[in-house]
Amino acid sequence: QIVATTHSPYLLDLFEPDEVRVMALDAHGHAVCRNLAEAPDLDRLKQAYQTGEIWASIWEDWALEGATGGA
């Protein structure tokens with residue numbers, strides 16, 4: 001198993017959305033981690049965009065959507 005971090009959409013193009021985890025910090029500084037395969041309208045997005053383009057266009061807003069920012 002290999003774990004890598006990147007902000008490069010070009011590198012992410014080499015992976016399928018279910019292989020990509022999106023991380024962001026919520027308003028309280030807590031890390032939120034979501035699987036890109038859970039993104040809304042993914043099937044439609046995959047028809048027009050590569051994985052890196054999907055990530056680049058939605059990553060932070062989507063990753064934090066519904067985050068509770070627990071104590």
Side-chain angles (χ1 to χ4, degrees):
Q1 180 174 351
I2 297 172
V3 177
T5 61
T6 186
H7 288 155
S8 170
Y10 303 109
L11 182 59
L12 291 177
D13 286 346
L14 301 173
F15 297 92
E16 293 297 320
D18 66 338
E19 298 174 307
V20 176
R21 302 303 180 268
V22 179
M23 297 187 73
L25 294 177
D26 68 14
H28 302 285
H30 299 115
V32 176
C33 182
R34 297 184 69 182
N35 187 328
L36 189 59
E38 299 170 0
D41 296 325
L42 183 64
D43 290 335
R44 180 184 61 80
L45 292 170
K46 283 175 47 176
Q47 292 176 13
Y49 303 104
Q50 295 184 39
T51 302
E53 293 171 309
I54 296 169
W55 168 81
S57 66
I58 68 169
W59 76 275
E60 188 170 69
D61 292 336
W62 168 75
L64 294 176
E65 188 175 286
T68 62

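The residues of the chain are indexed from 1 along the displayed sequence.
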Residue pair Gly52 / Asp13: nearest heavy atoms and the distance that separates them: N-OD1, 2.7 Å

For the student: nearest non-hydrogen atoms of Ala63 and Arg34, plus distance: O-CD, 3.2 Å

Nearest-0.5 Å distance, OG1 of residue Thr6 to CG of residue Leu11: 4.5 Å

Least distance between heavy atoms, Leu36 atom then Ile54 atom: CD1-CG2, 4.2 Å

CZ-OH distance between Arg44 and Tyr49, expressed to the nearest 0.5 angstrom: 7.5 Å

Asp26 (side chain) donor-acceptor with His30 (main chain) under 3.5 angstrom: yes

Distance (rounded to the nearest 0.5 Å) between Gln50 CD and Leu14 CG: 9.0 Å

Heavy-atom closest pair, residues Pro40 and Leu45: O-CD1, 3.7 Å

Heavy-atom closest contact (Asn35 atom, Trp62 atom, distance): O-CH2, 3.0 Å

Pairwise distance CG(Asp41) to NZ(Lys46) - rounded to 0.5 angstrom: 13.0 Å

Interatomic spacing from CG in Leu42 to CD1 in Ile58 - rounded to 0.5 Å: 7.5 Å

